[in-house]
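For reference, the structure discussed in these notes is given below.
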2 protein chains.
Amino acid sequence: MANQLSRLDHVFAALADPTRRAIVMRLCAGEASVGELAVPFDMALPSFMKHIHVLEASGLVQSEKSGRVRTCRLSPDTLVGAEDWFQQQRAIWEARLDRFEAYVMKLKKERAAAKRPSRTTKKKGSE
Amino acid sequence: MANQLSRLDHVFAALADPTRRAIVMRLCAGEASVGELAVPFDMALPSFMKHIHVLEASGLVQSEKSGRVRTCRLSPDTLVGAEDWFQQQRAIWEARLDRFEAYVMKLKKERAAAKRPSRTTKKKGSE
DNA sequence: TAATTGGTTAGCCATGAAGCTAACTATACA
DNA sequence: TGTATAGTTAGCTTCATGGCTAACCAATTA
């Protein structure tokens, strides 16, 4: 559980870099070797490899080496795990908005009732 | 658009820190002052304020000061924007999985047809 | 008006992240 | 067996991040 939380640290940190986001996007379309992945980036290979390592450490990407070529693939569970975090926050936030809306509606109703001087239940006095 | 991308950089970087994620979670439940937000954290106020600034710079949080108290609230659009990124990736990835599954199904079918020596359409020769 | 409260600014330090080059390993090809 | 290919390791810079203290406003409250 605390494990999961610190995993989120690494996932978001990994996704904060545009190079790494691009790699993830590329891997969504299917697996690829390190060399293939590196082509679009104007960067020395060791620098690029660091990004791969960060992605692997975060759990977003897995790789295995066969012969001299290392093939990388997405590890979708981790990606989905991060998405879940947003959905949880949104659930909380939307629930609050709903309550707020209900509250505003109630206020409106009371105001309308207060203004209308006729037969509706009406508190005396204030405004 | 490039603007949007670099915004994602900042949003994910902001969410990579557990303190800041906790702040966002807290603000999902409703607005709060800097002082209130800071209570659960064993951290000097200037350090804490840095986190608030990072969150504001990322667009995740907005704040305004009235009197001497600064009130912070969530800026949900930004949060939703980040969530969108995941949904887009997932769409691509799931589409690929669907194609892959279809491909596997087709393979299975062909294999079955090849093994069954009877009246189904059958390529000659190979395997 | 003096003291308290809530936040802010400035400046310091340690650590880590992102890039580089140079040199190395290990597989594949001729 | 020799050479090219694909990655890897080591070690170096530079800059950003996250924390601190100390001192400083500016509203409230006594």
Side-chain angles (χ1 to χ4, degrees), chain A residues 2 5-27 30-74 82, chain B residues 2 5-27 30-74 82:
Chain A
L5 292 182
S6 75
R7 156 127 316 179
L8 266 192
D9 287 12
H10 293 122
V11 170
F12 285 133
L15 295 178
D17 184 282
T19 299
R20 290 193 293 259
R21 268 200 320 280
I23 296 174
V24 167
M25 292 170 79
R26 170 57 240 278
L27 290 179
E31 61 180 40
S33 74
V34 169
E36 284 165 8
L37 289 173
V39 171
F41 301 98
D42 183 19
M43 190 182 294
L45 204 56
S47 313
F48 185 79
M49 282 295 296
K50 277 195 190 174
H51 288 297
I52 299 287
H53 286 139
V54 170
L55 287 169
E56 280 202 77
S58 76
L60 283 165
V61 165
Q62 289 178 334
S63 75
E64 72 188 312
K65 196 166 180 177
S66 107
R68 62 185 167 175
V69 42
R70 176 174 295 281
T71 303
C72 304
R73 65 180 57 77
L74 205 65
Chain B
L5 293 183
S6 76
R7 154 123 323 171
L8 266 191
D9 287 12
H10 293 123
V11 170
F12 285 133
L15 295 177
D17 184 281
T19 300
R20 290 193 292 260
R21 269 202 318 281
I23 296 173
V24 168
M25 292 169 79
R26 169 57 239 279
L27 290 179
E31 60 181 40
S33 73
V34 169
E36 285 164 8
L37 288 173
V39 171
F41 301 98
D42 183 19
M43 189 183 294
L45 204 55
S47 312
F48 185 78
M49 281 296 296
K50 277 194 190 175
H51 288 298
I52 298 287
H53 287 138
V54 170
L55 287 168
E56 281 202 77
S58 75
L60 282 166
V61 165
Q62 289 179 333
S63 75
E64 72 188 310
K65 196 166 181 177
S66 107
R68 63 184 169 176
V69 43
R70 176 174 296 280
T71 302
C72 304
R73 64 180 58 78
L74 204 65

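To find a chain, count down the sequence lines: A is the first, B the second, and so on, and within it residues start at 1.
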> Between B:Val61 and B:Cys72, what is the shortest heavy-atom contact and its length?
Replying inline: CG1-CB, 4.1 Å
>> Please check: side-chain N/O of B:Arg73 versus main-chain N/O of B:Glu64, any donor-acceptor pairing under 3.5 Å?
In response: no
>> Tell me whether A:Arg70 contacts the main-chain N or O of A:Val34 through its side chain, where contact means a donor paired with an acceptor under 3.5 Å.
In response: no
>> Quick check on C:dT8: is either OP1 or OP2 less than 4.0 Å from any side-chain nitrogen or oxygen of B:His53?
In response: no
> Per the atom types in the model, does the base of D:dG19 pair as donor or acceptor with the side chain of B:Lys50 at under 3.5 Å?
Replying inline: yes
> Separation of B:Leu45 atom CG from D:dC24 atom P, in whole Å?
Replying inline: 18 Å
> Quick one: on DNA chain C, does A:Ser66 or B:Gly35 contact a more 5' nucleotide (nearest heavy atom)?
Replying inline: B:Gly35
> How many Å lie between CG on B:Asp17 and C1' on D:dG19, as a whole number?
Replying inline: 11 Å
> What is the minimum heavy-atom distance between B:Leu8 and B:Ala82, and which atoms define it?
Replying inline: CD2-CA, 4.0 Å
>> What is the distance, to the nearest angstrom, from the CG atom on A:Asp42 to the C1' atom on C:dG19?
In response: 12 Å
> Has A:His51 got a side-chain N or O lying under 4.0 Å from the OP1 or OP2 atom of C:dG19?
Replying inline: yes
> Between D:dG18 and B:Ser47, is there an OP1 or OP2 to side-chain N/O distance shorter than 4.0 Å?
Replying inline: no
> For A:Glu64 and D:dA6, what is the distance between atoms CD and P respectively, to the nearest whole Å?
Replying inline: 18 Å
>> Can you identify which nucleotide, out of C:dA22, D:dA6, C:dT8, has its nearest atom closest to the A:Pro46 side chain?
In response: C:dA22
>> How many whole angstroms separate atom NZ of A:Lys65 from atom C1' of D:dT8?
In response: 7 Å
> Contact class for A:Thr19 (heavy atom, under 4.0 Å): base, sugar-phosphate, or nothing?
Replying inline: nothing
> To the nearest Å, how far apart are A:Met49 CE and C:dA18 C1'?
Replying inline: 15 Å
> What's the closest nucleotide to the B:Met43 side chain, out of D:dT21, D:dG19, D:dG7?
Replying inline: D:dG19
> For the base of D:dA6, is there a side-chain donor-acceptor partner from A:Arg68 under 3.5 Å away?
Replying inline: no
> Distance from A:Leu15 atom CG to A:Ile23 atom CD1, nearest 0.5 Å?
Replying inline: 11.0 Å
> Could you give the CZ-to-C1' distance, from A:Phe48 to C:dA18, as a whole number of Å?
Replying inline: 14 Å
> Please give, in whole Å, the distance from C:dG16 P to A:His10 NE2?
Replying inline: 11 Å
